[in-house]
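Here is the structure we will look at, set down as structure tokens.
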Amino acid sequence: MSTRIPDSIVEEIRNANDIADVVGEYVQLTKKSRNYFGLCPFHNEKTPSFSVSPDKQIFHCFGCGKGGNVFTFIREMEGISFQEAVQLLGEKSGHQLPEGTSGNNDASQSNPELQNLYEAHTWLTKLYHHLLRHTKEGKDGYELLKQRGLTDETIDEFQLGFAPNSKDFTKKFLENKGFHPQSMVKGGLLSYNESGQYGDRFRGRVIFPIRNHQGKTVAFAGRSVNGNDPKYLNSPETDLFHKGKILYNFDLARAEIRKRGEVVLFEGQMDVISAYQAGIKNGIATLGTSITDAQAKLIRRYVERVIICYDSDDAGIEASYKAANALKQAGCEVRVATVRDGKDPDEYIHQFGSESFQQQVLDASATYMGFMIQYLKRGYNLQHEGDRITYIEKVLDEISKMDKPLERDHYVREVAADNNLSVEVLEKEIIDRRKKQGLDKDKNQTKSYTNYQEPTNKGSKLLPAFHNAERQLIHYMMQDLSVAEKVQEQLGGAFNLPEHQVIVTYLYAFYEEGYAPNSSQFIEHIPDPNVKNLVSEIAMMKLQPEISDPEIQDYIRVIQAKKNEQENIASLQAKQKEAERQQDPVRAAQIAMQILELKKSLKS
């Protein structure tokens with residue numbers, strides 16, 4: 001049986017991974033005063049509202065409200081469990097979890113069925129790769145990859161393999177390892193026919209393992225070697241594999257993506273692998289479908305600039321158009337590369353080499369608007385007056401959506417020159433379109449980190465006095481055990497807002513278990529993500545470092561006064577109902593006036 005990860009090890013790993021360093025691998029941070037600031041990776045924004053506190057070892061976004069400690073951040077970024085976050089950070093800091101431990105420190109429980117599938121995929125990845133590289137059964141697959149220009153090093157790096165052209169080779173192998181065929185069919189590794197027979201799914205194919213973002217194989221793509229239909233065969237969607245959420249090679253490319261600040265988006269696995277071998281190691285690919293919103297948002301979390309490098313045929317151009325729009329919507333700076341002579345990237349690299357591909361394809365990629373100007377020409381005869389006007393109208397629609405005046409001016413002049421039109425007329429058209437779209441105010445704010453203004457306490461002037469009093473008092477309670485003890489003695493859990501009652505209840509328990517004040521550690525003891533976000537927000541409030549006894553008493557007085565007023569209102573409302581029941585309208589009206597006066601005093 002698995003056991004709980006010891007708290008001592010969790011704390012060692014948390015303390016060994018400075019949150020500013022970990023977040024800095026995903027977000028460009030700039031230090032201002034004691035904290036670091038950057039663009040939030042969890043929502044689209046143009047001015048930084050994401051703050052990291054090295055002192056408290058927590059983060060909080062004042063835009064979307066997300067917050068927590070280093071484990072929270074990794075879980076949110078990677079979409080993984082608590083245990084996986086501990087393992088990932090443990091590997092970074094050189095810690096190893098004891099054998100048999102599991103992630104039961106949080107609400108998630110390990111799923112035996114999913115773990116079973118992970119193990120089966122791992123075994124098959126090793127088996128297929130061994131067959132390709134070291135056996136005569138894999139010779140045909142090996143020669144095919146060699147013909148495509150792949151080296152042994154590249155084949156090993158991507159763990160490419162070969163599935164024998166046998167009906168039950170894989171089935172027998174999995175059974176010998178203790179895997180039941182029925183669960184392997186559900187996991188997409190075996191097939192099941194109408195005759196009630198289990199069989200190998202990928203037989204006679206070169207195998208491309210598909211890994212999730214943590215580097216675990218979750219699916220396979222197979223390419224027929226000897227003409228078997230279909231030519232390409234992929235794993236079906238399973239509990240382990242959701243193709244709309246995974247990007248091929250993301251696990252290997254992630255470090256290079258961060259280093260370059262740029263990602264190259266391909267259509268297929270061979271394009272990614274050929275580019276990787278050619279030294280372009282920041283390439284990823286979608287898995288046989290148009291890019292999804294989830295994939296676009298994942299890319300934007302890591303990088304701003306994306307070069308789309310799809311095939312140059314009609315289908316590839318249409319796919320580029322869809323991908324460009326999705327990535328633009330996600331907040332990316334989009335460029336689109338054109339592979340000449342109707343070739344795909346793999347063919348181009350094989351024929352012309354890596355240097356030509358870098359210089360003539362990637363470096364020469366068009367801006368989003370440059371691509372759109374060419375794309376919108378498709379289907380129009382620009383020698384025909386009606387077609388030309390329709391085309392220009394569509395281009396102006398796109399230019400009008402651009403935020404920066406300088407970019408709009410550049411493309412207006414380009415369109416005017418190409419079509420022998422007046423710049424002034426086109427500028428007026430742009431102004432009219434922006435007014436109709438509500439875009440007449442330029443959104444050309446630069447993404448400034450040096451000019452970042454740290455947010456003030458959220459709603460400190462807009463919230464009622466008791467609300468501010470409760471939050472500020474909780475802030476000091478999290479920083480100082482003696483403050484928490486005084487509040488517990490005089491007020492207990494009698495805060496007015498339910499979420500504040502929850503926080504102080506957990507905080508009292510945290511201290512009773514012997515923990516010292518530590519916002520980052522305390523956050524891990526709260527199961528509700530929304531409450532975690534609120535705790536991080538309160539912990540990040542800019543207040544004086546210490547609080548005096550008179551100030552504590554003043555906070556408590558404000559909180560108790562609110563509590564008393566609410567109780568008084570509830571009592572008066574009960575008396576009002578009783579007067580109405582006794583058919584005494586005068587008395588009921590008098591009580592109603594008292595209630596109104598009390599509510600007015602509460603608002604003030």
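Each residue takes its place number in the sequence, starting with 1. We use all heavy atoms of the structure for the numbers below, so side chains are in, but hydrogens, waters and symmetry mates are not.
- No donor-acceptor contact under 3.5 angstrom links the side chains of Thr122 and Thr125, judged on distance only.
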Indicate every side-chain donor-acceptor pair of residues 240-247 with a distance under 3.5 Å to a residue at least two apart or in another chain.
none

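- In the model, Asn533 has no side-chain atom that pairs as donor or acceptor with a side-chain atom of His60 under 3.5 Å.
- Taking a cutoff of 4.0 Å between a charged side-chain nitrogen and a carboxylate oxygen, Glu84 and Lys216 qualify as a salt bridge.
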Given the rule in the ring-ring contact (aromatic ring centres under 6.0 Å, His included) test, do Tyr26 and Phe73 qualify, once you have shown the distances and angles that lead to the verdict? CA-CA 10 Å; Tyr26 298 80; Phe73 181 81; 5.4 Å; yes
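- By the 4.5 Å heavy-atom criterion applied to side chains, Tyr506 and Val531 are not counted as neighbours.
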Give the intermediate values and the outcome of side chain to side chain contact (heavy atoms under 4.5 Å, CB included) for residues Val27 and Phe42. CA-CA 11 Å; Val27 180; Phe42 305 119; over 6 Å; no
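- A side-chain donor from one of His43 and Glu45 sits under 3.5 Å from a side-chain acceptor of the other.
- The environment of Tyr36 atom OH is sparse: at most 12 non-hydrogen atoms of other residues, nucleotides or ligands sit within 6.0 angstrom.
- The shortest side-chain heavy-atom distance between Arg201 and Thr170 does not fall under the 4.5 Å cut-off.
- For the atom pair Phe37 CZ and Ser51 OG, the distance stands at 4.0 Å (nearest 0.5 Å).
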Report the C-alpha distance between Asn69 and Gln57 in whole Å, list the side-chain angles of each, state the deciding distance to 0.1 Å, and finish with yes or no for side chain to side chain contact (heavy atoms under 4.5 Å, CB included). CA-CA 6 Å; Asn69 61 14; Gln57 286 294 300; over 6 Å; no
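- The list of salt bridge (Lys or Arg N to Asp or Glu O under 4.0 Å) pairs with a residue in residues 50-64, not counting sequence neighbours, reads Arg34-Asp55.
- Taking the six-membered ring where tryptophan is involved, the planes of Tyr198 and Tyr192 are tilted, since the angle between them lies from 30° to 60°.
- Residue pairs meeting the salt bridge (Lys or Arg N to Asp or Glu O under 4.0 Å) criterion with at least one partner in residues 485-507, sequence neighbours excluded, are Lys486-Asp549.
- A 6.0 Å sphere centred on CD of Gln553 holds more than 12 heavy atoms belonging to other residues, nucleotides or ligands.
- Side chains of Asn518 and Ser520: a donor-acceptor N/O pair is absent below 3.5 angstrom, by distance only.
- The cationic atom of Arg14 (NZ for Lys, CZ for Arg) does not lie both less than 6.0 Å from the six-membered ring centre of Phe71 and within 45° of the ring axis.
- Taking the six-membered ring where the residue is Trp, Phe495 and His500 present perpendicular rings, their angle passing 60° and hence far from 30°.
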